[in-house]
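Right, one structure below, let's go through it.
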Amino acid sequence: MTINQIIENNIVKGLNELFGAEATGNQVALQKTKKEFEGDFTFVVFPWLRVSKKSPQITAQLLGDYLVQHTPEISSYNVIQGFLNLVVDNTYFTQFLCHNCQNIEFGFPEQTAPKNIVIEYSSPNTNKPLHLGHIRNNLLGWSVAEILKANHHHVTKVNLVNDRGIHICKSMLAWKKWGNGETPESAGMKGDHLIGKYYVMFDQAYKKELEQLQQSGMTNEEAIAHSSLMNEAHRMLQMWEEGDVETRHLWEKLNSWTYQGFSATYQRLGIDFDDTLYESKTYLLGKQLVETGLEKSVFYRKEDGSVWADLTADGLDEKLLLRSDGTSVYMTQDLGTAVMRHDKYHADMMIYVVGNEQEYHFDVLKLVLKKLGYEWANSIYHLSYGMVELPCGKMKSREGTVVDADDLMEEMYETAYKMGCSLSKLDTMKADEATCLCNMVGLAALKYFILKVDPKKKMLFVPEESVDFNGNTGPFIQYTHARIQSLLRKAENQKIEIKKVEHCAMLDKERDILKLLHQCPEVVQQAAENMSPAVIANYLYDVAKEFNQFYQDIPILRETDVEKISFRLQISLFTACVLKKGMALLGIQVPDRM
RNA sequence: GGUCCCAUAGUUCAACGGAUAGAACGAAAGUUUCCUAAACUUUAAAUACAGGUUCGAUUCCUGUUGGGAUCACCA
């Protein structure tokens, strides 16, 4: 049981015994005491004045006396207005430090109901390279998966590759027409970038064609209908669906180039998956489900042969499920994917990390699944995150207003390198060590910048300006860790042993940082409940900041009292552990020197 | 037009209905004979507007204004 729970239980007992309140546990919530007041936990008594029938001051005093008497961990209290501030005994914190400093399980909260969770993220299209939007998606998905694991859930990370459809045919057609057999090797390009080049090429040629057709007197619609390029692409899609050998062969070849490119990007980003699924393998199941729904009269067929779900009774619109030519749409595929995924993993919860622009899509998906009789539709959770916007607005691949993932990571590395040089941090390092460090620092800056923001909120990215290396940033936390490691190395060189100190007079700064470290498990738990790595990121910043103040104000190795040195080293060691573990949940590595 | 989301210092982000709304960047001023100055200290600076609920509202409700998303035989 955590100390919060112990105190809360005693508050419930106190309220009942003193005032006959008939209170229960979930009505009582403890909060952290604000910094400017004395105390560690605060209980607000205002809501209980009705049952105590006494003034706020008296009510709080009575309860305070009761708690000090019945809770060994609480040494004293004070009352300000209706706020009862409870002071935890110093010994509690010194013992907490002794018991958890070397505990590798520390930070992972207790879990009474572990779940089977499948989390999907990334979900790229194979016709273009990954960009900043994918980076947010990947980092969020990966980090949330780690956070859920830290809360003892069984997590499967899956990537659903959108490997088929008209968009893929566009790059295939462009490569076939104008590629002259170009390969990633011959072009000296990453495979995904090469394919992306042809995708853009198609779009440019298509636009030019439309312009010419319009100049020759056609309306916009007529031009679209008469575009030979688009018609060719559609023919290619049909051939693909019919299983034409040559088309399939081309498709496989170009996709394999993209996968090689993706794989390199994922690796550099530090992202991985337990399983990869392909839409080309699930869309047929979706079609079957639609047929079943037709038989059950859950869906209906229009005169032109298209199949629809009528969701107007539920406040949504009518939704197309099969085109009049019988081919499937996005929703059809997703229905198949959902059923397949549920059957394959026996999931209690299926998380989809997908942008908030698709909220409507997921509302529809859940509703249609329910109409088909799948009760588990409620276990689908759309982890809906905000878009990353540029100063010029939304990112659009075809218009070239994207921040490419590979370029961005390279820029981060270069910035870290320049910075390292100007601070003379790299002077004493070997070349490969410096490279490794700059990669670590550059990535940390990028990842932290993205993950510290609440996932639900959209965020603004200003190239050359957004990603900082000072202040509330990844490198700041890395620096704090490196500083502690340096301290510990020095201690080892001086043959100083870190002994367990069970009782020790404490300075305010020491107490502050211990109190903060003590909160780690509940922070990890809260991050899981909110599915928000930002909770962890902001906590780690607080820890690092608190430690730097401690480090600045209080001598550690320069102290003369052996007990105090030991105690402070132990605090430092523990801080380093929490920083390292926490950063690992964000997918950020921490160096031992920088 | 229908539905949904958002609005906090100059800027980017915080704040389970609780106390004097926190940080960072940027601006101004300081701290290195001493454990890493990628650090620390100090100053100035914000809840879009109007109502309501509450002992108490940045947070909940209603309206106004301003942004964004979505409602495709696109994915």
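What you see is a predicted model; the values in this text were computed from it and never measured.
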Taking atom [atom1] in both [N] and [M], what distance in whole Å separates the two?
| N | M | atom1 | result |
| --- | --- | --- | --- |
| B:G18 | B:G22 | C1' | 15 Å |
| B:A39 | B:C25 | P | 7 Å |
| B:C40 | B:A45 | P | 23 Å |
| B:U8 | B:C71 | C1' | 31 Å |
| B:A7 | B:C34 | C1' | 49 Å |
| B:U41 | B:C6 | P | 34 Å |
| B:G26 | B:U64 | C1' | 34 Å |
| B:U20 | B:G30 | P | 34 Å |

(message) For a quick check under 3.5 Å, do A:T282 and A:E279 share a side-chain donor-acceptor pair by atom type?
(response) no

(message) Distance alone, cut at 3.5 Å: any donor-acceptor contact between the side chains of A:D163 and A:S280?
(response) yes

Describe the nucleic acid contact of [X] in one word from base, sugar-phosphate, nothing, applying a heavy-atom distance below 4.0 Å.
| X | result |
| --- | --- |
| A:N85 | base |
| A:A29 | base |
| A:I554 | base |
| A:E529 | nothing |
| A:L460 | sugar-phosphate |
| A:Q549 | sugar-phosphate |
| A:D454 | sugar-phosphate |
| A:Y360 | sugar-phosphate |
| A:V44 | base |
| A:F476 | sugar-phosphate |
| A:L569 | nothing |
| A:A482 | base |
| A:P47 | base |
| A:N125 | sugar-phosphate |

Tell me: [atom1] of [X] to [atom2] of [N], nearest whole Å?
| X | N | atom1 | atom2 | value |
| --- | --- | --- | --- | --- |
| A:L320 | B:C74 | CG | P | 8 Å |
| A:N530 | B:U59 | CG | P | 19 Å |
| A:E389 | B:G68 | CD | P | 8 Å |
| A:I80 | B:G18 | CD1 | C1' | 13 Å |
| A:K34 | B:G17 | NZ | C1' | 13 Å |

(message) Students often mix this up, so state it plainly: with edges at 30° and 60°, are the rings of A:W240 and A:W251 parallel, tilted or perpendicular?
(response) perpendicular

(request) Quick one: sort the A:Y551 and A:F547 rings into parallel, tilted or perpendicular, breaks at 30° and 60°. (result) tilted

Are [X] and [N] close enough that a side-chain N or O sits under 4.0 Å from OP1 or OP2?
| X | N | result |
| --- | --- | --- |
| A:R489 | B:C35 | no |
| A:K458 | B:G67 | no |
| A:R323 | B:A75 | yes |
| A:Y551 | B:U36 | yes |
| A:K545 | B:G22 | no |
| A:K452 | B:C13 | no |
| A:N472 | B:U12 | no |
| A:R483 | B:A37 | yes |
| A:K35 | B:A19 | no |
| A:S486 | B:U36 | yes |

(message) Closest-nucleotide mapping onto RNA chain B: is A:R50 or A:Q81 further toward the 5' terminus? I mean the 5' end.
(response) A:Q81

(message) Using heavy-atom distances to pick each residue's nearest nucleotide on RNA chain B, tell me which of A:M594 and A:D325 is more 5'.
(response) A:M594

Which one, [options], comes nearest to the side chain of [X]?
| X | options | value |
| --- | --- | --- |
| A:Y541 | B:A23, B:C74, B:U20 | B:A23 |
| A:Q31 | B:C71, B:G18, B:C40 | B:G18 |
| A:N162 | B:A19, B:A75, B:A38 | B:A75 |
| A:H167 | B:A69, B:A75, B:C13 | B:A75 |
| A:Q552 | B:C40, B:A19, B:U36 | B:C40 |
| A:R558 | B:C35, B:A39, B:A7 | B:C35 |

Measure distances between side-chain N and O atoms of [X] and base N and O atoms of [N], and say whether any donor-acceptor pair falls under 3.5 Å.
| X | N | answer |
| --- | --- | --- |
| A:T480 | B:A39 | no |
| A:K425 | B:U36 | yes |
| A:D468 | B:A38 | no |

(message) Here's a test for you: under salt bridge (charged side-chain N to carboxylate O under 4.0 Å, His left out), which of A:K457, A:K458, A:K456 qualifies with A:D454?
(response) A:K456

(request) Would you check if A:F37 stacks with the base of B:A19, given a 5.5 Å centroid limit and a 30° plane limit, both strict? (result) yes

(request) Please map the stems of RNA chain B, keeping only stretches of three or more Watson-Crick or G-U wobble pairs with both distances under 3.5 angstrom. (result) B:1-7 with B:65-71, B:10-13 with B:22-25, B:27-31 with B:39-43, B:48-52 with B:60-64

Determine whether a donor-acceptor pair (N or O, by modelled atom type, separation under 3.5 Å) exists between the side chain of [X] and the backbone of [Y].
| X | Y | result |
| --- | --- | --- |
| A:D325 | A:T327 | yes |
| A:R323 | A:S328 | yes |
| A:N137 | A:G133 | no |
| A:S306 | A:L322 | no |
| A:S122 | A:P124 | no |

(message) Is the shortest side-chain heavy-atom distance between A:K545 and A:T480 below 4.5 Å?
(response) no

(request) Would you please name every residue forming a side chain to side chain donor-acceptor pair (under 3.5 Å) with A:T415, sequence neighbours left out? (result) none

(message) Anti or syn, where syn is a glycosidic angle within 90° of 0; which label fits B:U32?
(response) syn

